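Below, read A as the first sequence line, B as the second, and so on, with proteins coming before strands; counting in each chain starts at 1. These numbers come from a predicted model, not from an experiment.
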Amino acid sequence: MVWRRRFIAVLTFLAGLYFLLEFILPPTVPGRTRRGVFLEHSPTVVALASPDGDRIDVEVGPSVEFSMVVRDPTGKLQAKAQRTREVSVGETLNVRTRTFVFGSFRGGSFLDDKGGIVALRPGERVYSDDSGDLPVEPSLIAPGTALKVEVRRAKVVGVRWGSVTLLDGPAGDVRARRTVPLGPNIAVLRERRKGTPDEIEPYDAKVGDLLAVGHTTFLRDHRDTAAQFNSVLGTLALGMGLLSLGVVNGRRLRKRGEDRWVAIAFFVAVVLGVIAGVYKYYDPSTAERSFSDAIVFRLLGPVGSTIFSLLAFYLASASYRAFRIRSAEAGLMMATALIVMLGQTPFGMYLTGWIGEQFKALWLPNIAGWVLRVPNSAVVRGLIFGTMLGGIGTALRYWLNLEKGSAMGGGD
Amino acid sequence: MDNANWQVLLLMVVFSGLVLWKIASAKRGQGLYIRPIPGLNAIEEAVGRSAELGGPLLFHGGVADFTNVQTLAAVGILEHICKTAAKYGNRILVTTAMPVMVPIWEDVIKASFAAAGRPELASQSEVRFISPAGDLTALGTTQVLVDEKVSSCFLFGAYDYTSLLYSEGGQIAGCMQIAGTSDYYQIPFFVASCDYVVMVEELFACSAYLTREPTMLGSVVGQDYGKLFLLLLILTGVICATVFGPSNPLNLYEGILRF
Amino acid sequence: MSWSEYWASGWAVWLGAFCVLAIYSYLFRDNPVYRLMMQIFIGINVGYAVVVQWKDILYPLWWLPMMDGIDALLGCGQGSPYGALWVLVGFLGLLWYFQLSRRYLWLSRIVIGITVGIGAGFTFKSLFGQNIPQVVDSFRPLGPSAVAVQPRRLFSLPPTVVPPLLDEPLLVLAGEREAVAVETLEGREVWRCPLPGPPSGRVRMGGDFVEIPCGPETVRIDRRTGRRVAGGPPIPPEASGQAGTDGGWHAGDGRDRLVKAGVAAPDGGEATVMYSVVAGRLFATRLDADARGGFWASDPGVPAKELYDGGRFVLASDGRSVAVVDASLGSVTARFQTTEAPAWLTVARMADPIYDQATVVAVSRGGRIEGFCAADHKVSRQPAGRLLWRAEAGKPLVWAGTAGGVLFAVGPDGGRSYELPPVPKALDASDYWDNWVFVITLVSVMTYFFFSFRREPRVVTGVRRLGRWLLMLGFGAFFGNTVMSRMSFLLDRLMFLVDDWIKPFFHQIFG
Amino acid sequence: MWRRLAVLDRVPRQTIYLLMFLACGLPFFFDVRLPLYVWPETRAVFEVTDSTPPDKVVLICSNWVQGSQGENWPQYEAVVSHLMMRGIKFVVVAVDSDPLAPQFSERVNERQAAKYGRKYGVDWVNLGMVRGAPLIMASIGRNIKSVFPRDYRGYSTNDAEKLPILKNITGAADFQILWAIEYQPSLDWMVWLDPAGRVPVAFGSAGIVTTSWYPYISSGQMKGMMAGIRGAAEYETLVRNKYGKRYDEEGLRGGRLLVPLAFGHLVIISFILLGNLGMIAKRRAAKEARR
């Protein structure tokens with residue numbers, strides 16, 4: 001049915017589109033990006049409301065860090081640092097306003113190592129790397145430990161965006177000075193002598209840096225999400241293998257004789273596998289964990305690699321049977337194979353080691369090496385180029401869904 | 001290279017453009033030429049031979065599923081084999097390790113026998129799912145070769161380490177074997193043990209030549225032009241490198257093709 | 001050890017050994033035990049994989065964000081409400097399973113299409129990233145070329161009469177009448193500031209200021225705005241033996257010293273080192289806390305009249321003869337003669353962990369620029385001290401220095417910046433022969449895969465035949481290496497049987 | 001005479017299997033050493049790895065499991081033993097691998113660490129497995145801690161107490177070299193890990209695929225590689241030649257497996273030759289019979 005085909009085609013196209021654009025588009029919107037020599041910048045100021053309702057204005061600078069609380073793969077909560085341009089009104093963040101080195105604690109206020117008083121504004125608390133979710137207990141910390149002043153669970157109530165001043169033209173000319181306002185998702189890129197420019201925070205720019213300031217295309221910011229989407233979608237098919245195998249062995253179960261036992265063995269094995277998988281996550285030195293390890297290393301390991309190792313025997317007999325000089329081509333192939341094989345093993349040196357140093361190009365390992373490095377690598381490169389063009393062709397056909405036939409979702 | 005610079009974009013446009021252009025003109029029904037691949041008349045010969053010996057044909061479509069291009073090429077080739085088989089009236093056995101592929105192979109066989117006007121052959125032919133394990137399937141297939149007295153055997157598609165098992169099995173059973181894959185690690189084994197081998201891209205050219213299916217055809221031709229472009233580029237580069245030495249204008253870091 | 005102890009640990013080995021032998025039994029006859037093993041293997045694998053993939057991927061990357069998102073939507077819990085969108089991904093994922101039904105097969109095409117589309121999307125980046133260097137590497141010279149390597153001219157710089165201040169990204173020059181700051185990427189002018197008189201000493205940095213001695217007074221300029229600020233006290237004329245920003249300095253009586261930090265000490269870690277010249281010998285002394293005292297002593301082989309700080313190297317020179325000394329070992333890596341007495345010596349391009357690419361740049365007051373190998377280069381096979389390239393600034397210079405592979409050479413009549421070339425590979429006859437073989441092979445293999453050209457000249461068919469032969473050669477090599485892989489799987493198993501099973505067992509029996 | 005030789009044309013396959021078995025099995029019982037020729041591809045990567053400065057780490061992507069342990073285990077152990085002996089810090093990850101991969105690598109790490117008395121979190125860290133290549137490779141190059149919030153043992157990667165090794169490690173700039181060790185490592189490492197191409201890439205892969213790495217080595221995209229067991233043995237030799245006694249080779253597999261490997265090759269080569277002899281003999285015999 002044609003509408004299905006269209007529908008699938010559109011989805012396929014959209015899925016590919018992101019990754020293509022991510023590659024071919026620059027990180028900031030082309031037309032609307034200002035480029036020039038950095039002169040000065042006025043800092044962004046973020047207005048926060050602490051959980052207890054205090055209002056704090058934070059001037060963004062090197063020691064300020066905004067972080068959002070997210071879950072990590074083990075389900076624990078974890079702070080994820082954010083760029084200033086990603087801060088938006090209304091979201092809840094942990095904000096580090098400044099850091100200092102602990103000197104002493106006198107009269108209810110912290111003193112840094114230089115003896116200066118660290119004045120805490122309402123809502124600010126002092127934390128250390130390992131104090132976790134609670135403010136530090138002054139009596140427990142040794143002088144010299146690095147501490148950070150933070151506002152946790154702060155709600156962003158307002159952002160007053162700063163600006164960057166760029167010079168684009170002769171130094172004397174006033175018209176050449178351009179003040180570019182910062183804002184949500186305005187990225188600042190510093191150009192490098194080689195390679196693509198890297199994104200920096202405005203306050204990291206030095207006078208004389210070549211900057212490009214413009215609105216992001218969002219594409220690069222979401223690369224990790226895209227990767228996540230891709231792997232999740234792929235992994236969601238995990239049941240497929242199990243199901244199709246189940247169906248096959250289910251049929252076997254209904255048969256009589258050997259097949260039935262094979263099928264039963266299969267299902268038992270699946271159960272074993274699942275148990276082993278579950279126990280894998282118990283801590284070591286528990287009985288469950290050692291059971292899982294035993295299954296993995298004592299059963300899965302040996303059986304798996306043994307099945308692979310059968311190939312060596314097949315290879316031996318096959319090459320004995322097959323590698324007959326039927327044609328000149330086969331002959332040439334065989335000769336090369338023999339040289340490479342001998343070159344790989346110590347026998348290569350035994351056979352030709354007696355040839356003196358001055359002729360060491362004739363040592364079998366060297367001949368083999370030459371074959372691999374020069375003609376062979378040219379052959380491989382030829383194949384690679386073919387594959388590259390093939391790959392481009394295929395990618396286009398799949399992406400634009402030009403493929404016909406029952407196979408690729410096309411014409412049913 | 002994080003983002004494409006203009007050089008890369010240019011190459012992208014050239015290569016993709018050529019392919020799309022050729023696909024378009026193929027769809028418009030413009031006759032595109034592809035030189036006959038020597039392996040093709042071998043197919044005819046193999047089918048004829050097995051007709052004389054009265055055994056069925058065996059076709060194995062590789063170890064990958066339909067998301068792999070080679071499998072698509074194999075589909076095209078199976079269609080052709082069926083049409084030829086319809087002429088001589090032999091039936092076809094297909095073995096696979098993928099439950100997902102079973103319906104697809106069945107469709108292909110039904111459709112192409114019907115198209116050739118011998119639907120009854122389709123019912124005699126069959127698609128056998130042997131085992132989800134790659135090498136068990138391979139060994140099972142060699143078993144089939146012996147049990148069914150298969151006399152010609154076709155291996156087309158994507159292959160992994162099991163290639164050897166298939167082709168050696170055919171050798172022992174004394175079949176006439178034609179193989180084609182673009183997985184070049186496996187080609188040596190096919191070359192050594194098969195009567196004819198369709199190598200790397202020949203596989204796609206073959207399939208395009210046989211089916212004249214515009215997409216495949218167009219992209220094969222388009223890629224050809226791409227290859228020609230690349231070849232010329234390389235020759236120019238070689239000349240530049242010889243004349244100007246390390247500081248040639250096409251050199252990677254300072255030169256034109258930098259990224 | 002007693003048998004009971006043996007079995008306590010040995011059972012697993014016996015189990016493993018049994019599996020191995022059971023499977024090898026297949027080699028002699030097809031048997032049910034083998035098939036059984038195969039099924040068990042597949043079964044365990046699948047079951048295990050399902051659990052692990054859920055735990056490692058789906059649970060953290062899909063389930064948790066989704067649940068958090070839903071919580072956030074319902075108003076409780078934190079995290080972004082967008083997470084709830086993962087529900088849709090879940091639905092998409094379900095579509096995979098329609099592959100099993102003939103009727104709704106097409107639904108599964110949706111998700112397949114999406115995955116394939118994504119794959120197609122990043123194919124482009126991967127392909128081009130992998131292959132463009134391949135294309136360029138195929139540009140092999142087929143013979144020696146007449147054209148020599150040259151530093152590439154980047155942009156020209158305003159005139160300066162005294163050594164400027166290079167502090168990336170700024171280069172501050174002082175001409176007769178005004179001081180000019182340019183950035184070092186494209187040579188764009190950042191600011192200029194008029195001077196009361198001709199500058200008398202080198203431009204130097206004092207905190208946020210640039211200080212330029214002009215006769216009696218010192219001009220202080222804010223290096224951000226380029227505005228002049230209240231001048232400071234006059235700076236005493238430069239004492240000899242003081243390290244300047246260009247790293248070079250004068251040796252008076254040959255007992256002067258240059259203190260520099262950041263030498264990789266052989267014990268790993270940083271060393272602050274003082275170099276001193278006594279009677280032509282070069283001494284390095286460590287000043288850092290952990291290891292005081294002697295570091296190394298070395299005989300550069302030239303009467304070290306002048307020393308230069310070359311990062312990983314120390315450069316000693318006397319007139320035209322130069323010696324390069326490894327700063328952390330004290331070994332002399334190269335000795336060479338320049339054509340004119342160098343006024344400035346620096347080392348550029350030191351990216352490579354081994355010496356490769358490290359190039360000594362010697363610049364004379366007359367404007368002659370030369371590059372030499374700082375040491376034996378393994379990859380490019382250039383010997384130490386070989387002259388790599390030469391260029392003429394064509395005008396008198398007052399200063400030259402490098403930053404990140406770029407050379408700045410400036411003088412009263414203006415200056416210029418050069419991108420220093422990478423060290424070219426030293427090629428001999430055999431290399432050219434190899435290149436011929438390489439190019440011919442590549443071309444003929446590519447020609448072999450032309451399909452769509454109606455009429456081809458005779459030569460093409462010939463080349464194609466050659467291509468097929470060379471392909472066979474390549475496939476031969478493939479086979480040769482295949483044998484090695486396949487066999488090592490077997491060896492691994494045999495090693496298990498011998499070392500873990502047979503040997504301990506016999507040991508147990510015979511002691 | 002030809003007729004007698006013609007027997008060689010069809011030697012029963014069990015015979016070949018048996019000979020293979022013996023040729024590969026017997027050498028394990030005797031301690032034979034054979035002269036080894038070190039290929040430049042291995043030497044290059046050894047030198048880069050060996051010259052790791054203290055402020056950098058070696059990044060190892062270890063994706064091998066039982067399937068390919070025959071070749072990858074020796075390779076991985078050769079590298080790890082070298083790093084452990086030198087006290088070079090290294091970070092182990094697994095990308096798109098079999099979920100078992102971290103378990104296999106960690107077993108080797110612990111054995112080598114015990115030998116040289118190295119400490120987890122100080123001298124090495126195992127970050128476990130992620131999916132989503134090639135995109136995830138780019139993420140690793142930008143900020144490895146954001147990709148792996150916790151390591152394989154569940155410690156937070158920002159926890160400087162537990163994992164001091166990661167304290168100053170962020171991304172590509174801090175990696176001395178990338179070792180990708182698996183049956184067939186992904187070429188995407190060259191493209192995605194560090195777009196600026198500062199991190200040299202080294203592959204330890206199955207012998208079969210090494211054939212197709214040579215073009216990438218000549219173009220400089222890849223620094224070098226270990227070719228199968230031979231590569232592992234060469235790497236061990238290089239370390240031994242440089243550090244002699246300090247290097248404890250007990251339990252290393254490369255050098256040990258090399259000898260039976262050689263004999264196995266010998267069997268295959270001789271059978272290929274015999275097979276052809278047999279074929280010729282058969283033809284001759286047929287001709288004689290016709291006369």
Please check if atom OH in C/Tyr82 has more than 12 non-hydrogen atoms from other residues, nucleotides or ligands closer than 6.0 Å.
no
Residues in salt bridge (charged side-chain N to carboxylate O under 4.0 Å, His left out) contact with C/Glu189, at least two apart in sequence or another chain
C/Arg192
OG1/A/Thr336 to CZ/C/Phe479 distance, rounded to the nearest 0.5 angstrom?
11.5 Å
Side chain, backbone, both or neither: which part of C/Phe18 has a non-hydrogen atom closer than 4.5 Å to chain A?
neither
What is the distance from atom CG of C/Leu61 to atom CG of A/Asn230, rounded to the nearest 0.5 Å?
11.5 Å
Please classify the contact between C/Trp433 and chain A as side chain, backbone, both or neither, with a heavy-atom cut-off of under 4.5 Å.
side chain
Side chain, backbone, both or neither: which part of A/Glu329 has a heavy atom under 4.5 Å from chain C?
both
Under 4.5 Å from a heavy atom of chain C, the part of A/Thr92 involved
neither
Can you tell me how far OG of A/Ser319 sits from CZ of C/Arg486, rounded to the nearest 0.5 angstrom?
11.5 Å
Looking at C/Val52, C/Leu58, C/Ile57, which one has more heavy-atom pairs under 4.5 Å with chain A than the rest?
C/Leu58
For A/Ser377, is it the side chain, the backbone, both, or neither that has a heavy atom closer than 4.5 Å to a heavy atom of chain C?
both
Provide the full list of salt bridge (Lys or Arg N to Asp or Glu O under 4.0 Å) pairs with a residue in residues 14-24 of chain A, sequence neighbours left out, each pair given once.
A/Glu22-A/Arg223
Can you tell which part of C/Ile23 gets under 4.5 Å to a heavy atom of chain A, answering side chain, backbone, both or neither?
both
Less than 4.5 Å to any heavy atom of chain A: does that hold for the side chain of C/Arg493, its backbone, both, or neither?
side chain
What part of A/Val268 is in contact with chain C, defined as an atom under 4.5 angstrom from a non-hydrogen atom: side chain, backbone, both or neither?
neither
So which part of C/Ser485 gets closer than 4.5 Å to some heavy atom of chain A, the side chain, the backbone, both or neither?
neither
Checking heavy atoms, do the side chain of C/Val20, its backbone, both or neither come under 4.5 Å from chain A?
both
Once the angle between the rings of A/Phe313 and C/Tyr24 is folded into 0 to 90°, is it parallel (under 30°), tilted (30 to 60°) or perpendicular (over 60°)?
perpendicular
Is it the case that more than 12 heavy atoms not belonging to C/Trp14 sit under 6.0 Å from its CH2 atom?
yes
May I ask you to test the C/Arg188-A/Leu210 pair for a side-chain heavy-atom distance under 4.5 Å?
yes
Report yes if some heavy atom in the side chain of C/Val182 is under 4.5 Å from a heavy atom in the side chain of C/Val190; otherwise report no.
no
For the interface with chain C, which of A/Ile384, A/Leu11, A/Val379, A/Val380 has the highest count of heavy-atom pairs at distances below 4.5 Å?
A/Val379
Distance (rounded to the nearest 0.5 Å) between C/Tyr48 OH and C/Asn45 CG
9.5 Å
Which portion of A/Leu372 sits near chain C, non-hydrogen atoms under 4.5 angstrom
side chain
Best-contacting candidate, A/Thr235, A/Leu167, A/Ile339, against chain C by heavy atom pairs under 4.5 angstrom:
A/Thr235
Between A/Asn249 and A/Leu245 (side chain of the first, backbone of the second, donor and acceptor by atom type, cut-off under 3.5 Å), is there such a pair?
yes
Heavy-atom distances under 4.5 Å only: say whether A/Val232 touches chain C with side chain, backbone, both or neither.
both
Heavy-atom pairs under 4.5 Å with chain A, option from C/Met484, C/Arg223, C/Met38, C/Arg468 with the top count:
C/Arg468
Would you find more than 12 non-hydrogen atoms of other residues, nucleotides or ligands less than 6.0 Å from A/Trp261 atom CH2?
no
Please determine, among A/Tyr314, A/Trp399, A/Phe229, A/Tyr18, the option with the most heavy-atom pairs under 4.5 Å with chain C.
A/Phe229
Ranking A/Met388, A/Lys206, A/Met333, A/Arg381 by heavy-atom pairs under 4.5 Å to chain C gives rank one to A/Arg381
Who wins among C/Gln53, C/Met446, C/Gln39, C/Glu168 for the most heavy-atom pairs under 4.5 Å with chain A?
C/Gln39
Given a strict heavy-atom distance threshold of 4.5 Å, which part of C/Phe475 is in contact with chain A: side chain, backbone, both, or neither?
both
Contact class of A/Ala335 relative to chain C, heavy atoms under 4.5 angstrom
neither
Ring-ring centroid check A/Phe19 C/Phe124, cutoff 6.0 Å:
no
Heavy atoms of other groups near A/Arg252 CZ, more than 12 under 6.0 Å:
yes
For the pair A/Gln228 (side chain) and A/Ser231 (backbone), establish whether a donor and an acceptor sit closer than 3.5 Å, ignoring hydrogens and angles.
no
Toward chain A, the part of C/Ser108 with a non-hydrogen atom under 4.5 Å:
neither
How long is the straight-line distance from CH2 of C/Trp54 back to CH2 of C/Trp62, given to the nearest 0.5 Å?
5.5 Å
So, the part of C/Asn481 with a heavy atom under 4.5 Å from chain A: the answer is both
Counting heavy-atom pairs under 4.5 Å with chain A, the top scorer among C/Tyr26, C/Trp86, C/Trp191 is C/Trp86
Region of A/Leu233 that comes under 4.5 Å of a non-hydrogen atom in chain C:
both
Of all of C/Ser488, C/Cys19, C/Ala477, which one pairs up most often with chain A through heavy atoms under 4.5 Å apart?
C/Ala477
Identify which of A/Val340, A/Val274, A/Asn376 forms the greatest number of heavy-atom pairs closer than 4.5 Å to chain C.
A/Val274
What part of A/Leu315 lies closer than 4.5 angstrom to a heavy atom of chain C: side chain, backbone, both or neither?
side chain
Option that, when pairs with chain A are counted at under 4.5 Å, heavy atom only, ranks first among C/Leu107, C/Asp137, C/Val180
C/Asp137
Name the region of C/Tyr34, side chain, backbone, both or neither, that has any atom closer than 4.5 Å to a heavy atom of chain A.
side chain
Is chain A contacted by the side chain of C/Leu27, its backbone, both, or neither, given a heavy-atom distance below 4.5 Å?
side chain
Does a side-chain heavy-atom distance below 4.5 Å link C/Ile44 with A/Ile295?
yes
Residue C/Ile40 versus chain A: region with a heavy atom under 4.5 Å:
both
Highest number of heavy-atom pairs under 4.5 Å with chain C: which of A/Gly277, A/Ser292, A/Ala368, A/Ala330?
A/Gly277
Against chain A, label C/Asp492 side chain, backbone, both or neither, depending on which of its atoms sit under 4.5 Å from a heavy atom there.
side chain
Between C/Phe496 and C/Trp501 (judged by ring centroids, cut-off 6.0 Å), do the two rings come close enough to count as a pair?
no
